[in-house]
Amino acid sequence: MRTDRIFARLDREPEPPKIEIPRMSRHRVVLFGATMAFYLAIVVAVLGSSWLVELDWKVMLYRPYEQWPQLHAFLDYFVVLGQRGPTAVMVMAWLGWRSWRQHTLRPLLTLGAALLLLNMTVGSVKLGLGRLGPHYATQIGSAELFAGGDIFPSGHTANAVVTWGILAYLATTPRARRWLSVISAMVALGVGATTVYLGTHWVSDVLLGWAAGLLILLALPWFEPLIARAEALVFAVREKVRERRRPRTSAPAPVPVPAVPAMPPQRGHEEDDAPVREPVGVASGRGPGRPLPARPYQPARSERPPVVPAGTRRPPHTERTPRTAPARPLGG
């Protein structure tokens, strides 16, 4: 047997897989309606003290735990599979690993939504009807309703249907869904029958517990949009927390620049030609209290425009005649 394939399936997937979310199909709606009708029929039969209540008393007086005492030790442990605390911890551990591996919180949120619906629906009916269990019954043939009990419907049975059935609901392949459906159904049927064997529940309690758990599983697709919004909200809060915990990058400290000694201003060629002026009173000996009158500004020699002479510098001589070349005689 190669273990590398087993460990490869245990590693985290690089990307979240595309999981097909169950929808509320017509087939599921029909099953939900039929289960709801069965649920109401059980409640009406118990309220009317019909043949179902008589069956409850017959099984209770038969005392199955006395008929097969060799099963008592094993079934005392087996019934734990219907208790909410241990089963929720076991299934939560599995779904937590599924959530980590598939980069999604949907398995855990779906389990939380299912358990919340279970507590609300089953708990409210239990407290509302207040039925006593077989060990606390006071009158033979009575339905034992509104007596301050909390036994109808069976919480062990409904919890077994929901807790183990959620594994089949969250299965990602048709083959895994079929196998998990069969296993969860066997566990739920076994837990319900065990409670009747131990004498902790009536038969009608178990029937109503099966129906209550199945109703929750069939109604889960209606809550898928709410589960998706809750997952998006949790991821958004997680990103905000991560942003706050990340160390903020501070601006780099300025690098000190060495001071450069100031250079004296260089005198250009134009300033070299200008005469050097000394402060008043240095050469003449006058005090600083008597300033000299301001002299008009004289531009430097390089700033003066060139003077173009208007004519020749030689004085004109009117008596001079222009020089011409002497005429030469023509030779014949």
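Residues Val59 and Trp51 share a single hydrophobic cluster, defined by chaining ILVMFWY side chains whose heavy atoms lie under 4.5 Å apart. Cluster annotation: Leu105 and Leu111 are assigned to distinct hydrophobic clusters (Ile/Leu/Val/Met/Phe/Trp/Tyr, side-chain heavy-atom contacts under 4.5 Å, transitive). Taking hydrophobic clusters as Ile, Leu, Val, Met, Phe, Trp and Tyr residues chained together by side-chain heavy-atom distances below 4.5 Å, Leu40 shares a cluster with Leu214. In the hydrophobic cluster analysis, where Ile, Leu, Val, Met, Phe, Trp and Tyr join through side-chain heavy atoms closer than 4.5 angstrom, Phe146 is grouped apart from Leu127. By the rule that hydrophobic residues join a cluster once side-chain heavy atoms approach within less than 4.5 Å of another member, Leu132 and Leu207 end up as members of separate clusters.
Using modelled atom types, no side-chain atom of Trp164 and backbone atom of Thr87 make a donor-acceptor pair closer than 3.5 Å. The closest donor-acceptor contact from the side chain of Ser50 to the backbone of Ala45 lies under 3.5 Å. Within the 3.5 Å criterion, the main-chain N or O of Trp68 finds a donor-acceptor partner in the side chain of Tyr197. A donor-acceptor pair is defined here as one N or O able to donate and one able to accept, closer than 3.5 Å; no such pair exists between the side chain of Thr163 and the backbone of Ala160. Ser142 places no side-chain N or O within donor-acceptor distance of the main-chain N or O of Gln139, the cut-off being under 3.5 Å. Within the 3.5 Å criterion, the main-chain N or O of Leu170 finds a donor-acceptor partner in the side chain of Arg98. Between the side chain of Glu144 and the backbone N or O of Gly133 there is no donor-acceptor pair closer than 3.5 Å.
Rounding to the nearest 0.5 Å places CD of Glu54 at 13.0 Å from CD1 of Ile140. Taking CG from Leu198 and CZ from Arg63, the interatomic distance works out to 14.0 Å, rounded to the nearest 0.5 Å. To the nearest 0.5 Å, atom CD of residue Glu231 and atom CG of residue Leu226 are 12.0 Å apart. Put simply, CG on Leu95 and CZ on Arg106 are 10.5 Å apart, with the number rounded to the nearest 0.5 Å. Atom OG1 of Thr110 is separated from atom CG of Leu217 by 11.0 Å, given to the nearest 0.5 angstrom. Distance check, rounded to the nearest 0.5 Å: CG of Leu215 to CZ of Phe38 gives 10.5 Å.
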Evaluation steps, side-chain contact (heavy atoms from CB on, under 4.5 Å), between Thr172 and Arg177: CA-CA 7 Å; Thr172 56; Arg177 186 175 293 111; over 6 Å; no
Begin from the C-alpha positions of His201 and Thr157 and carry the test side-chain contact (heavy atoms from CB on, under 4.5 Å) through to its verdict. CA-CA 10 Å; His201 280 286; Thr157 306; 5.8 Å; no
Stepwise side-chain contact (heavy atoms from CB on, under 4.5 Å) test for Glu239 and Phe235: CA-CA 6 Å; Glu239 292 300 325; Phe235 282 146; 5.6 Å; no
Mind running side-chain contact (heavy atoms from CB on, under 4.5 Å) on Trp202 and Val53 for me, showing each step along the way? CA-CA 9 Å; Trp202 307 98; Val53 178; over 6 Å; no
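Residue Val122 comes nearest to Ala158 through the heavy atom pair CG2-CB, 4.1 Å, listed as atom of the first residue, atom of the second, then distance. The nearest pair of heavy atoms linking Val46 to Leu145 is O-CD1, 3.9 Å. The shortest non-hydrogen separation linking Val161 to Ala188 is CG2-CB, 3.5 Å. Looking at every heavy atom in both residues, Val191 comes nearest to His156 through CG1-O, 3.8 Å. Closest approach of Ala113 and Ile227 over heavy atoms only: CB-CD1, 4.3 Å. Of all heavy-atom pairs spanning Gly82 and Asn159, the tightest one is O-ND2, 3.0 Å.
Side-chain contact between Asp205 and Thr195 is absent, with no heavy atoms from C-beta onward closer than 4.5 Å. Counting heavy atoms from C-beta outward, Pro221 and Arg28 have side chains that approach closer than 4.5 Å. Leu129 is not listed as a side-chain neighbour of Ile151, based on a closest heavy-atom distance of 4.5 Å or more. Using a 4.5 Å heavy-atom cutoff, the side chains of Val125 and Pro153 are in contact. Contact check for Phe152 versus Lys126: no side-chain heavy atoms found under the 4.5 Å cut-off. A 4.5 Å side-chain heavy-atom check between Phe32 and Thr35 finds every atom pair outside the cut-off. Within the 4.5 Å cutoff, the side chain of Met90 has no heavy atoms near those of the Trp94 side chain. Leu189 is listed as a side-chain neighbour of Trp210, based on a closest heavy-atom distance under 4.5 Å.
Remark: Leu61 CG is packed, more than 12 non-hydrogen atoms of other residues, nucleotides or ligands lying under 6.0 Å away. Residue Tyr136 qualifies as open at atom OH: its count of foreign heavy atoms under 6.0 Å is 12 or below. Few gaps surround NE2 on His135; more than 12 heavy atoms of other groups in view lie less than 6.0 Å from it. Surrounding CE of Met186 are at most 12 heavy atoms belonging to other residues, nucleotides or ligands under 6.0 Å away.
Taking the six-membered ring where the residue is Trp, Phe78 and Phe74 present parallel rings, their angle staying beneath 30° rather than reaching 60°.
For Trp57 and Tyr62, the gap between ring centers reaches or exceeds 6.0 Å.
Salt-bridge check for Arg131 with Asp56: passed, with a basic side-chain N closer than 4.0 Å to an acidic carboxylate O. Between Glu224 and Arg23 there is no salt bridge, since none of the side-chain N atoms of the basic residue sits less than 4.0 Å from a carboxylate O of the acidic one.
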